Structures are given as structure tokens and as C-alpha cells.
Amino acid sequence: MAMVTAKLSSPAAARLAPVRSAQPARRASLVRVRASGGSYADELVSTAKTVASPGRGILAIDESSATCGKRLASIGLDNTEVNRQAYRQLLLTTAGLGEYISGAILFEETLYQSTTDGKTFVDVLKDQNIMPGIKVDKGLVPLPGSNNESWCQGLDGLASRCAEYYKQGARFAKWRTVVSIPCGPTALAVKEAAWGLARYAAIAQDNGLVPIVEPEILLDGDHGIERTLEVAEKVWSEVFFYLAENNVLFEGILLKPSMVTPGAEHKEKASPEAIAKNTLTMLRRRVPPAVPGIMFLSGGQSELEATMNLNAMNQSANPWHVSFSYARALQNSVLKTWQGQPENIEAAQKALLVRAKANSLAQLGSYTGEGESDEAKKGMFQKGYTY
């Protein structure tokens, strides 16, 4: 809870002041509000800077058990805890991953799991200098009074959950809500998204976790890039207004925005240069330079598109660390290489390093796109996709 102190004007001074009207005198006040984070403030800033370190980004493997099951089903595996553990072990035990990956977002199940050799996944990550993170929201549900839009639930009990996750070794958190351009978006949905993110961020900081703030503007729709820019500016304006209202420490947060692109069904695709220009325009207009890291989501782009667009954004200096927090855009080739077969683990881990290195180079603005496979060029957008 924020600590508030007020300094009231002197009663003696008030008596000496000339009387200007019969209105009751107003007492001037000076209010000091402590930013969220409290005793964790220094640690939050350090954690955020570590995740936002040069040439590195986030591996997002926080899919729920149901969503992970969809990924496993695509290669013919049953959705069992053993199979989910095997896949996540493949990812997290990849030698050298920490060179390109600074943080990994985990699902609650994974945060408490261990390898088949008995080593906790948290310790596996720490040994590679990768910060463990945790998904803390409880998913999307219909938003009453809206135009068929959603809101994100999970504030109830969040403080106690965050405290437990911190004890388990997590040092940052993720909360994802969505905004749909084809649905309006309505002012109600935008405000609900912004307020929920701000409350989550304040609670996470109070319990030692750096909050990733993620209002995903969905790719669905046939609108042009100008419309996406307009909506993104509105959404981020609301988000930062409510983050400030909730006394969130900006130096101790990370953002996970969508890139500013045309709708997936728009008749013309935008070049990486156009996407970079519009995305950076939005960020410069709406995001304070105090925020240490912008970790983009891929949102259904192909592996190649996500990397090319990130690279274009790093062709000039930015006031923030502009990087990635990819799920499918890091994992797609890995899954298809693995196929659930033990003999394919080494090749699958090499595929993960290829994608991680490509995005590391893109974060440094040095990616060329040479030698990319046809698989990396395949789009992954699914209309109405749910997690």
C-alpha cells in the first residue's frame, strides 16, 4: 500500500492572509507518494536491467497445460505432465542458451518441476544466468457490457501467489490481456485492460517481482497499419496513466507490446522498415525512457518476420532495450525437429539456438536473414487464436 504524507499550510500563516471572499479557506497540501516496490525497489531495477541486457531476450514457455497440449498434439504427442516436462526440459537444458536468453517465462507447473535427474528447472535457469519468470494471470473471460471483448482475471489472491512464486525463485512476472481492433475496441475494454495491468504491476512489485506489462493488440482484422498505430497509442496512453495512478516504479517494469503492423487479413503486407517506423513512433510518443526494456511479442508472425521486424527497429539508437519475448517464434522449428523422439533432442536444441541467436543479432541490429529455412518463413497466425 502506498505511504502518503501531507504537509499542511501553517495555521498562523492562514490567519495573516488577507480575506478575499466568504468562501471557506482551502488548505494547500503537498503530498508525497512512495512508488510501488518498497524494500524491493533496488532489486526490481537490477532484475529489469538484467533481463534487458544487450543481445538477449525472453523465451516465453508459459503456455497453460491446455495450450501446451495443442503444441504437443501438432507432433502427435498426448497432453500429459510427463510429455510437457520432457518438452520443457529439452528447451531449458539447451547448452549455451543463456548467451542469447536473459529470462524465461514459466507456467506454474514448470516453476515447481524438475528435470528427470532431479534438478529444479529454476536452478537449471540460474546456472545459465537466465532469470526465472512466471505467468500470474488466470486467463481471459468475456467482458460484460462490451462488444464481444475480453478482460483478464486473476487479481484475487495475486499478492499471496506472487509471494510464493518469489520464494520458489521467480523474479519477474507476466500478465497478458488483449485488445481487439475489429471489436472497436470499446473505451470500456481499453480502460479495463489498462486498469487490470496497473493493479497487477503494483501488486507484483510489492512482492519482489518485475511485472511484464502486456496489453496484446491482436493481429485479427483487415485494417491498415495506420489504424493499428492509432489504437496502440490509445491503449498505451491509458496503460501508463493507470500505472502512474498506482504508483508503479517505471524503472522496475518491462513491456511486452505488439508490433504495429497491419491486420493479418489486410490486402497489403508492410515491410520491416514500415513496421519499425510505426512501432517506434508509438513507443516514443507513449513510453517514458525510464522503462528499461521493450520485449516484443510475436503474435502469430512467422519466425523470420518476427526477427526481421525486430532487427529493423534496432537500426538506430533507442532510449530503451528493444528486444523479444517470443513463444511460437522461438519454438516452432524446435517442435517440428523434435517430434517427441529422444534421438532428435540434440537437433531440436540446435534449432532453438539458431532462433535464439538470430533474435540476439536482431536485438543488436546485426541480423541479415541469410540461410533461413523455409520453415522459418511460414506464418503462424490463427484467426481467433486462444491461449
Side-chain angles (χ1 to χ4, degrees), residues 58-92 103-116 121-122 132-143 148-158 161-162 164-165 168 170 172-180 183 193 196-197 200 212 214-220 256 258 264 297-301 303 325-341 348 352 378-387:
I58 294 174
L59 170 64
I61 57 168
D62 58 317
E63 301 92 346
S64 66
S65 297
T67 300
C68 191
K70 294 178 183 178
R71 307 277 168 86
L72 295 175
S74 72
I75 57 171
L77 291 184
D78 292 334
N79 185 17
T80 65
E81 183 177 352
V82 170
N83 285 338
R84 294 193 298 270
Q85 177 196 32
Y87 177 54
R88 284 157 173 165
Q89 178 169 321
L90 179 159
L91 296 169
L92 299 181
I105 312 173
L106 310 177
F107 189 58
E108 186 178 64
E109 176 183 73
T110 317
L111 182 68
Y112 291 92
Q113 278 180 329
S114 300
T115 67
T116 50
F121 283 144
V122 167
I134 178 69
K135 168 186 163 71
V136 298
D137 67 76
K138 293 296 184 180
L140 300 170
V141 292
L143 176 62
N148 197 30
E149 294 161 291
S150 300
W151 68 285
C152 187
Q153 57 187 348
L155 290 176
D156 287 352
L158 179 60
R161 295 201 308 277
C162 286
E164 287 301 316
Y165 297 149
Q168 184 62 18
F172 69 97
K174 174 202 162 180
W175 176 287
R176 171 185 176 264
T177 192
V178 301
V179 173
S180 169
C183 290
L197 285 165
Y200 137 75
I212 292 181
E214 182 185 0
E216 179 177 354
I217 299 171
L218 299 171
L219 277 176
D220 302 65
K256 187 169 179 175
S258 313
L297 58 89
S298 55
Q301 300 177 69
E303 291 177 329
S325 177
Y326 293 163
R328 285 177 287 171
L330 281 171
Q331 296 181 49
N332 189 53
S333 295
V334 179
L335 266 172
K336 293 187 175 180
T337 302
W338 178 44
Q339 292 295 317
Q341 303 300 317
L352 175 59
K378 293 181 180 179
M380 290 178 279
F381 169 73
Q382 297 178 33
K383 187 174 182 179
Y385 183 76
T386 57
Y387 289 78

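The structure displayed is predicted, hence computed values, not measured ones.
Remark: side-chain polar atoms of Ser64 are paired, donor with acceptor, to backbone N or O of Thr67 under 3.5 angstrom. Trp151 places a side-chain N or O within donor-acceptor distance of the main-chain N or O of Pro142, the cut-off being under 3.5 Å. The backbone N or O of Gln113 lies less than 3.5 Å from no partner atom in the side chain of Gln85, so there is not a single donor-acceptor pair.
Between the OH atom in Tyr165 and the CG atom in Leu106 there is a gap of 11.0 Å [rounded to 0.5 Å]. Expressed to the nearest 0.5 Å, how far CG of Leu59 lies from CG of Leu92 amounts to 7.0 Å. With rounding to the nearest 0.5 angstrom, the CH2 atom of Trp175 is 6.0 Å from the CG atom of Leu158. The CG atom of Leu111 sits 10.5 Å away from the CD atom of Glu164 when rounded to the nearest 0.5 Å. Going from atom CZ of Arg71 over to atom CD1 of Ile61 covers 11.0 Å, rounded to the nearest 0.5 Å. Separation of atoms NZ (Lys70) and CD (Glu63) is listed at 11.0 Å; rounding is to 0.5 Å.
The two residues Val334 and Leu91 make their nearest non-hydrogen contact at CG1-CD2, 3.9 Å. The two residues Gly299 and Leu219 come nearest to each other via the heavy atoms O-CD1, 2.7 Å. The minimum heavy-atom distance linking Cys68 with Arg84 is given by the pair SG-CG, 3.8 Å. The minimum heavy-atom distance linking Ala60 with Gln331 is given by the pair O-NE2, 2.9 Å. For Thr177 against Ala193, the heavy-atom pair with the smallest separation is CG2-CB, 3.7 Å. The shortest non-hydrogen separation linking Cys183 to Asn148 is SG-O, 3.9 Å.
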Should Cys152 and Leu140 be marked as a side-chain contact (heavy atoms from CB on, under 4.5 Å) after you check the CA-CA gap, both sets of side-chain angles, and the distance that decides it?
-> CA-CA 5 Å; Cys152 187; Leu140 300 170; 4.0 Å; yes
Do Asp78 and Leu72 pass the side-chain contact (heavy atoms from CB on, under 4.5 Å) test, and can you show the C-alpha distance, the side-chain angles, and the key distance before you say yes or no?
-> CA-CA 7 Å; Asp78 292 334; Leu72 295 175; over 6 Å; no
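Screening Asn83, Thr115, Thr110 against Arg88 for a side chain to side chain donor-acceptor pair (under 3.5 Å) leaves a single residue, Thr110.
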